[in-house]
Enquirer: 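Below is a structure I'd like to ask you about.
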Amino acid sequence: MCGIAGILSIDGRPISDEEVAQLRTASDALRHRGPDDEGLWTHPSRHAALIHRRLAIIDPTPEGHQPMQSRSGNRIVFNGEIYNYQELRRAYRLNVPPSDTAVLLALLELKGNKILPELRGFFSFAYWDESKRSLLLARDAIGKKPLYYSLRNGRCMFASELRALLSSGLIPCTISRAALSEYLRFYCVPHPFSMIEGVQMLPPGSMLEISEHGDVAMERWYRLPEYLPIAIEYPDAVRETRRILERSVHDRLVSDVPVGAFLSGGLDSNVVVGLAAQNSKNPLETFSIGFRSNYTENELPTAEIGARAFGTAHHSIEISDSDVAFALEDFFSSMDSPTGDGLNSFLISRAARNANPTFKVVLSGVGGDEAFLGYRKYRWLAQRSSILALLWKTPQPLRSGLATLLTMGADARWKTAIATLLHPEATRILFRDREINELTGSALPYSGVRSAASPLVSLLRFDLEHYLPNMLLRDLDAMTMSHSLEARAPLLDKELLEFTWQLPMNVKARGRSKQLLIDAAHDLLPHAIKQKPKTGFELPMREWLLEGKLRPWLDVLLTDTLELAQDGFLTVPAVRKIHQEFVGGRSHYLKPWNLIALEMWYRNIKSDSIGIPNGAKASASGMTVSEKAGTV
């Protein structure tokens, strides 16, 4: 796990010394992603420059230094892990050192971008092809590792984080009003948007090739296939699920440093930890957090049941609203892109880092709900699939329009239910067009995702292609990496996702919530975990914002110093209306929280400390950049 950035000249002008210095500043801003090593390479022609920040996990020797070069003069900066690199090294008889970066570099020389579907892992990388004089940017199939880029002023600039581009001064800090509208709608910024005008997020499963002459080609190398259910009996589905799960967890234990795990009281993380414990020679180190609350379940006792059953070296950390209030400035500083989520990932990452400062790799149970129909809305739609077949033949624009009408005015459960049938992905929408117009003065109409076979398939596709990469995975990456931790997600293995995606709905929706996953790991799980109802991992945010130590943060929305309002991005009456509706019990906490997060992110990107999370500031100065490049 690392941080990468670079510049390619696409108008013939050499990269200046000032631009190289700006790239070094971007490297400082990425230090938390890779505190173990750093490297800078500039092409002799000064038409390309690459930087790399390294968190050494596989082959932590100097041979793994990046930017890595081949004997042909090609170079790579790589962020992520290729779990099957040893298999690929043997299959293609590669005479290169045993590191995933060296293997990937050799494979790109041998097969070009055609190798991407064979890679098992998660990544974003930049590959300089010396013979073609071009740069290839690529991102993994699911979208676990971020990559931003900008084509402007005769330059292609890219980085793992938006704030690295901003802190370098290479990109002006101009807010995109289109992205602002999308953020308010989805409480995250969906790809290909970014919050900065002229900067885009490379979509999952995409690659971008740019020549030094300015030729640009964007291509999707991976898309989730169409839903064509396979013929399979339930017992066979259970066996195949177990086989893929075992392989996936085994893959994610590939590391030259110890691997730990986040463990909650839920099914997903317990399955991951149970399988990992079977494959670990020493007790696995696990980390759990719980909350002191009068309204939200504390998961620590259930997590401890799993930890005892799996024999882990377990850390339980109970968190109060005072703890959260103390940590919020660091949380907002760690936020690369504004998000209405992510606080839970930040808190568990901080807890793990404090419990064991030497750890670099943790396993996460993220993705289980999307792969195994964990959310209640999935099962609700699955149970009514035959009735909904006729309704789904109604043209999509008509369905969307009816759903919009139903969600206007006061909320009601029956309205939400019917809107879900007509326009399933609307369940992920926070602010409606009318509210966005009130807040900003304009709103881009939402066009929805491409049509699917049923309401459930439509919602699943939306969640896998948008909700997961744009929110859950982006937040997990940002918050773990702000603590120099690499998070790995076995339940989002591409083979596993494709298998569960193509299962018949009567197999996936059989029995209770995630019955298929329970049955696939039945022999591992304690009885209490198998019988625990699906609850979700929730923070008591409503309680903390209204009655606890986070109330001052809520009341920021009432102050005259709201910078988003002062700079003309939000209107004061609409912001105060959101505050009043929440305090009056008429709206969800996510609405004011979404605005608080946006305001704090905006203040941070305007400050002098852009790009360097508080935990990294003290050690970010005085770094030297190595000009050498590892050779394979």
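Keep in mind that what you see is a predicted model, and the values were worked out from it rather than measured.
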Enquirer: Under 3.5 Å, is there a donor on one side chain and an acceptor on the other for Glu465 and His191?
Expert: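 Not at all, the side chains of Glu465 and His191 share no donor-acceptor pair under 3.5 Å.
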Enquirer: Can you say whether the rings of Phe125 and Phe78 are parallel (under 30°), tilted (30 to 60°) or perpendicular (over 60°)?
Expert: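 Correct class here is tilted.
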Enquirer: Are any side-chain N or O atoms of Arg139 and backbone N or O atoms of Leu202, one a donor and one an acceptor, separated by less than 3.5 Å?
Expert: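 At least one qualifying donor-acceptor pair exists.
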Enquirer: Please assess Ser72 against Glu109 for the test side-chain contact (heavy atoms from CB on, under 4.5 Å), listing each intermediate value before the final yes or no.
Expert: CA-CA 9 Å; Ser72 304; Glu109 288 190 331; 3.5 Å; yes
Enquirer: For residues 331-352, which residue pairs pass the salt bridge (Lys or Arg N to Asp or Glu O under 4.0 Å) check, not counting sequence neighbours?
Expert: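 Listed once each, the pairs are Arg163-Asp336, Asp330-Arg350.
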Enquirer: How would you list, by chain and number, every residue that makes a side-chain contact (heavy atoms from CB on, under 4.5 Å) with Lys111, sequence neighbours excluded?
Expert: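 For Lys111 the side-chain contact (heavy atoms from CB on, under 4.5 Å) partners, ignoring immediate neighbours, are Tyr92, Ile115, Glu118.
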Enquirer: May I ask you to check whether Phe193 and Tyr183 place their ring centers less than 6.0 Å from one another?
Expert: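 No, they do not, as the ring centres are separated by 6.0 Å or more.
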Enquirer: Mind checking what makes ring-ring contact (aromatic ring centres under 6.0 Å, His included) contact with Phe499, not counting sequence neighbours?
Expert: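 Applying ring-ring contact (aromatic ring centres under 6.0 Å, His included) to Phe499 gives none.
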Enquirer: When you check the gap from the basic side-chain N to the acidic O, do Arg155 and Glu19 get nearer than 4.0 Å?
Expert: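 A salt bridge is present here (some side-chain N lies under 4.0 Å from a carboxylate O).
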Enquirer: Output yes when Arg90 and Glu87 qualify as a salt bridge under the 4.0 Å nitrogen-oxygen rule, no when they do not.
Expert: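 No salt bridge links Arg90 with Glu87.
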Enquirer: With a 4.0 Å cut-off, would you call Lys144 and Asp477 a salt bridge?
Expert: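 No, no charged N to carboxylate O under 4.0 Å.
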Enquirer: Is Arg220 close to Ser206 at the side-chain level, that is, under 4.5 Å between some pair of heavy atoms?
Expert: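 Yes, close enough: below the 4.5 Å cut-off.
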Enquirer: Is the distance between the ring centroids of Tyr602 and Phe569 under 6.0 Å?
Expert: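 They qualify: ring centres under 6.0 Å apart.
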Enquirer: Any side-chain heavy-atom pair from Leu208 and Leu136 closer than 4.5 angstrom?
Expert: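 When only atoms from C-beta onward are counted, Leu136 and Leu208 do not touch, as no gap falls below 4.5 Å.
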Enquirer: Could you tell me which residues satisfy salt bridge (Lys or Arg N to Asp or Glu O under 4.0 Å) with Asp36, sequence neighbours excluded, listed by chain and number?
Expert: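 Lys360.
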Enquirer: Salt bridge between Arg488 and Asp493, side-chain N to carboxylate O under 4.0 Å?
Expert: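 Between Asp493 and Arg488 there is no salt bridge, as every charged N stays at least 4.0 Å from the carboxylate O atoms.
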Enquirer: Tell me, please, which residues at least two apart from Tyr467 pass ring-ring contact (aromatic ring centres under 6.0 Å, His included).
Expert: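 Tyr467 satisfies ring-ring contact (aromatic ring centres under 6.0 Å, His included) with no residue once adjacent residues are dropped.
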Enquirer: Run the salt-bridge test on Arg54 and Glu38 with the 4.0 Å N-O cut-off and return the result as yes or no.
Expert: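 A salt bridge is absent here (no side-chain N lies under 4.0 Å from a carboxylate O).
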Enquirer: Is the centre of the Trp41 ring less than 6.0 Å from the centre of the His52 ring?
Expert: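 For Trp41 and His52, the ring centres are not under 6.0 Å apart.
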Enquirer: Only counting residues at least two apart or in another chain, list the ones meeting salt bridge (Lys or Arg N to Asp or Glu O under 4.0 Å) with Asp215.
Expert: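 For Asp215, no residue satisfies salt bridge (Lys or Arg N to Asp or Glu O under 4.0 Å) once neighbours in sequence are set aside.
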Enquirer: Going by the rule salt bridge (Lys or Arg N to Asp or Glu O under 4.0 Å), which residues pair with Asp251 if we only count those two or more places apart in sequence or in a different chain?
Expert: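 If we apply the salt bridge (Lys or Arg N to Asp or Glu O under 4.0 Å) test to Asp251, skipping adjacent residues, the hits are Arg120, Arg247.
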Enquirer: Do Lys132 and Glu209 sit within salt-bridge range, that is, some charged N less than 4.0 Å from a carboxylate O?
Expert: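 Judged by the 4.0 Å cut-off on N to carboxylate O distance, Lys132 and Glu209 do form a salt bridge.
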Enquirer: Going by side-chain contact (heavy atoms from CB on, under 4.5 Å), name the residues that satisfy it together with Asn153, two or more places apart in sequence or in a different chain.
Expert: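 Counting only residues at least two positions away or on another chain, Asn153 forms no side-chain contact (heavy atoms from CB on, under 4.5 Å).
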Enquirer: What's the verdict on side-chain contact (heavy atoms from CB on, under 4.5 Å) for Ile15 and Val20, showing C-alpha distance, side-chain angles and the deciding distance?
Expert: CA-CA 7 Å; Ile15 296 168; Val20 172; 4.0 Å; yes
Enquirer: Stepwise, does the side-chain contact (heavy atoms from CB on, under 4.5 Å) test hold for Glu81 with Phe123?
Expert: CA-CA 6 Å; Glu81 310 289 352; Phe123 55 82; over 6 Å; no
Enquirer: Return the set of residues passing salt bridge (Lys or Arg N to Asp or Glu O under 4.0 Å) with Glu285 (not counting sequence neighbours), or none when no residue passes.
Expert: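 Salt bridge (Lys or Arg N to Asp or Glu O under 4.0 Å) check on Glu285 returns nothing, list empty.
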Enquirer: Taking only residues two or more places apart in sequence or in another chain, which ones pass side-chain contact (heavy atoms from CB on, under 4.5 Å) with His250?
Expert: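 Residues passing side-chain contact (heavy atoms from CB on, under 4.5 Å) with His250: Asn279.
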Enquirer: Any chance the side chains of Ser349 and Arg353 put a donor and an acceptor closer than 3.5 Å?
Expert: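 Distance-only check fails for Ser349 and Arg353.
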Enquirer: With a 4.5 Å cut-off on side-chain heavy atoms, are Phe462 and Arg428 touching?
Expert: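 Of all side-chain heavy-atom pairs linking Phe462 with Arg428, at least one is under 4.5 Å.
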Enquirer: Determine, step by step, whether Asp567 and Lys606 satisfy the salt bridge (charged side-chain N to carboxylate O under 4.0 Å, His left out) criterion, reporting the C-alpha distance in whole Å, the side-chain angles of both residues, the deciding distance to 0.1 Å, and the verdict.
Expert: CA-CA 12 Å; Asp567 293 349; Lys606 291 176 65 179; 2.7 Å; yes
Enquirer: Taking ring-ring contact (aromatic ring centres under 6.0 Å, His included) as the test, write out the residues that go with Tyr222, two or more places apart.
Expert: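 With neighbours one apart ignored, the set is empty.
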Enquirer: Just jot down the side-chain contact (heavy atoms from CB on, under 4.5 Å) partners of Pro172, sequence neighbours excluded, or say none.
Expert: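 Arg152, Thr174.
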Enquirer: Flag the pair Phe262 / Val366 as yes when at least one side-chain heavy-atom distance between them is below 4.5 Å, and no otherwise.
Expert: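 Phe262 vs Val366: side chains apart.
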